[in-house]
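These notes are about the structure you will find just below.
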Amino acid sequence: MFSTPLIAAPMAGGTTTADLAVAVQGAGAFAFAAGGYKTAEQLRAHIAPLRAAGPDFGVNLFVPRPATGLKSARQTGALEAYRSLLLATASRYGAELPSTLPAPEDPRAQDFWDEKIALLLAEPVPVVSFTFGLAPVRVVEQLHKAGTRVLASVTNVAEALAAAGTGVDGLVVQHANAGGHTAAFLPASAAGYSSGRAGDGTLPQLIAAVGAAVALPLVAAGGVSGAADAKAVLAAGAQAVAIGTALIRTHESGARALHKDALADPAYTRTALTRAFTGKLARALVNDFVNDFADAAPEAYPEVHFLTAPLRAAAAAAADPRALNLWAGSGWKSAQAVPAADVVESFLREL
Ligand SMILES: Cc1cc2nc3c(=O)[nH]c(=O)nc-3n(C[C@H](O)[C@H](O)[C@H](O)COP(=O)(O)O)c2cc1C
């Protein structure tokens with residue numbers, strides 16, 4: 001499936017720049033373009049340098065929630081209540097919180113799914129990976145016809161079995177130690193995450209369990225902060241290992257300076273899974289916003305993402321990390337401010 005054991009995980013929201021992807025690819029890792037949050041046009045521009053740089057790379061997309069499903073947070077007033085709770089913090093930053101949010105069927109709430117799938121079918125890429133849900137079987141088949149290998153992201157055995165049933169070629173198996181959003185899509189998986197149960201086993205244990213249940217190539221992700229971690233997951237049966245947080249501080253990463261600096265700031269002592277920023281559980285450094293709002297945030301992605309966006313933008317403009325989503329995996333302390341190729345080479349030397 002992959003000609004290298006090291007994969008640079010896709011990091012949407014600005015961290016994975018084309019420069020970062022091309023740099024890791026040049027150093028011998030497999031690079032993913034981050035398609036999340038982008039329109040099709042933006043994705044095409046993001047892919048172009050990778051296509052020019054080498055024959056093998058991937059594109060990652062978010063699978064949107066069905067437009068017809070899960071309107072409960074809107075219906076119960078949970079979003080209104082959360083908005084009210086955020087108002088004082090928002091006004092401190094001079095931010096205006098939207099009073100209307102994109103409807104479920106709005107292309108923004110669907111993360112521009114239709115147009116990005118159309119793009120990837122018209123201009124095929126070697127690999128497409130999905131997160132936040134399973135792509136419909138029809139889409140997997142269309143991608144296969146276009147010559148694309150397809151990966152699904154999962155967080156446990158039940159999700160792995162469901163993903164295998166859609167005909168994908170491999171799985172990205174993400175442990176709860178991973179930085180950023182969880183890939184979990186079955187309701188029971190999300191429940192396990194919030195209670196901490198999903199984090200009980202180690203990544204090698206998760207790989208062994210998934211490997212025993214499905215006969216597909218596995219990419220291991222989550223909390224891999226050095227070659228020793230990587231070797232352990234490869235020994236457990238993963239074909240490759242993906243790193244995200246280890247690349248956030250690199251020179252080519254597009255993460256904000258505030259985010260990069262926070263990862264090296266000893267004032268931050270832990271990470272936590274929180275819905276506070278987007279309504280979907282994501283692992284971040286624990287700052288004031290996480291402390292103040294983690295318990296109150298409703299399970300409503302992407303609505304909470306749109307609700308808090310102006311607040312986060314205002315905090316960034318004020319160079320204040322206290323209300324920023326400082327995504328970080330459990331191995332954040334090892335992230336280095338060096339060229340991305342150095343990180344890749346230091347892993348590959350030992351794998
Ligand atoms: C800043 C950031 C953004 C991320 N964005 C995405 C994304 O767009 N798509 C995705 O599938 N995973 C995303 N992830 C998760 C990674 O793909 C991967 O699972 C994770 O980084 C691995 O754990 P680690 O951060 O401990 O290395 C993101 C992670 C981080 C830290």
Side-chain angles (χ1 to χ4, degrees), residues 6-17 20-21 24 29-38 42-43 46 58-64 111 116 127-135 150-155 163 171-185 193 198-199 202-203 206-207 218-227 229-230 233 238 240-250 253-256 258-260 262-263 271 273-274 277-278 280-285 301-302 305 312 324-336 343-344 347:
L6 189 70
I7 293 179
M11 292 186 281
T15 301
T16 296
T17 56
L20 176 58
V24 298
F30 186 92
F32 271 96
Y37 306 123
K38 290 185 171 70
Q42 290 167 337
L43 180 58
H46 182 57
V59 171
N60 174 255
L61 292 190
F62 297 166
V63 179
D111 201 44
K116 284 190 282 201
V127 173
V128 171
S129 74
F130 294 101
T131 189
F132 301 171
L134 298 178
V150 183
L151 299 177
S153 304
V154 302
T155 64
L171 303 176
V172 178
V173 181
Q174 188 203 48
H175 187 270
N177 282 338
H181 286 114
T182 172
F185 57 88
Y193 263 80
T202 63
L203 178 58
L206 179 60
I207 289 297
L218 307 179
V219 176
V224 173
S225 62
D229 295 340
V233 292
V241 53
I243 53 170
T245 299
L247 294 167
I248 296 178
R249 295 186 67 219
T250 59
S253 150
R256 291 188 168 99
L258 281 174
H259 188 178
K260 293 182 174 183
L263 290 169
T271 63
L273 281 163
T274 180
F277 297 105
T278 67
K280 183 189 283 295
L281 285 174
R283 188 169 290 283
L285 293 176
Y301 179 91
H305 161 75
R312 288 180 277 131
L324 272 189
N325 50 316
L326 303 170
W327 299 150
S330 62
W332 90 95
K333 286 180 188 161
S334 307
Q336 299 292 316
V343 175
V344 169
F347 271 89

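Read the numbers this way: they start at 1 and go in the same order the structure lists the ligands and their atoms. Quick caveat: nothing in here was measured; it's all calculated off a predicted structure.
The OG1 atom of Thr274 sits 7.5 Å away from atom CG of Leu281, with the distance rounded to the nearest 0.5 Å. Rounding to the nearest 0.5 angstrom, the gap separating the CG atom in Leu171 from the OG1 atom in Thr155 is 11.5 Å.
When the salt bridge (charged side-chain N to carboxylate O under 4.0 Å, His left out) test is applied to Lys116, the partners found at least two apart in sequence or on another chain are Asp111.
Between the side chains of His181 and Thr131, no donor-acceptor pair is found at a separation under 3.5 Å.
Classification of the His305-Tyr37 ring pair by plane angle, with boundaries at 30° and 60°, yields parallel.
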Pairs under 3.5 Å, nitrogen or oxygen of ligand 1 with protein nitrogen or oxygen:
residue: ligand 1; atom: 5 (N); partner: Pro10; partner atom: O; Å: 3.4
residue: ligand 1; atom: 5 (N); partner: Ala12; partner atom: N; Å: 3.2
residue: ligand 1; atom: 8 (O); partner: Ala12; partner atom: N; Å: 3.0
residue: ligand 1; atom: 9 (N); partner: Asn60; partner atom: OD1; Å: 2.7
residue: ligand 1; atom: 11 (O); partner: Asn60; partner atom: OD1; Å: 3.4
residue: ligand 1; atom: 11 (O); partner: Asn60; partner atom: ND2; Å: 3.2
residue: ligand 1; atom: 17 (O); partner: Pro10; partner atom: O; Å: 3.4
residue: ligand 1; atom: 19 (O); partner: Gln174; partner atom: NE2; Å: 3.1
residue: ligand 1; atom: 23 (O); partner: Gly222; partner atom: N; Å: 3.4
residue: ligand 1; atom: 25 (O); partner: Gly179; partner atom: N; Å: 3.2
residue: ligand 1; atom: 25 (O); partner: Thr245; partner atom: N; Å: 3.0
residue: ligand 1; atom: 25 (O); partner: Thr245; partner atom: OG1; Å: 2.5
residue: ligand 1; atom: 26 (O); partner: Gly223; partner atom: N; Å: 2.7
residue: ligand 1; atom: 27 (O); partner: Gly244; partner atom: N; Å: 2.9
residue: ligand 1; atom: 27 (O); partner: Thr245; partner atom: N; Å: 3.4

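A distance-only check finds no donor-acceptor pair linking the side chain of Ser225 to the backbone of Gly331 [under 3.5 Å].
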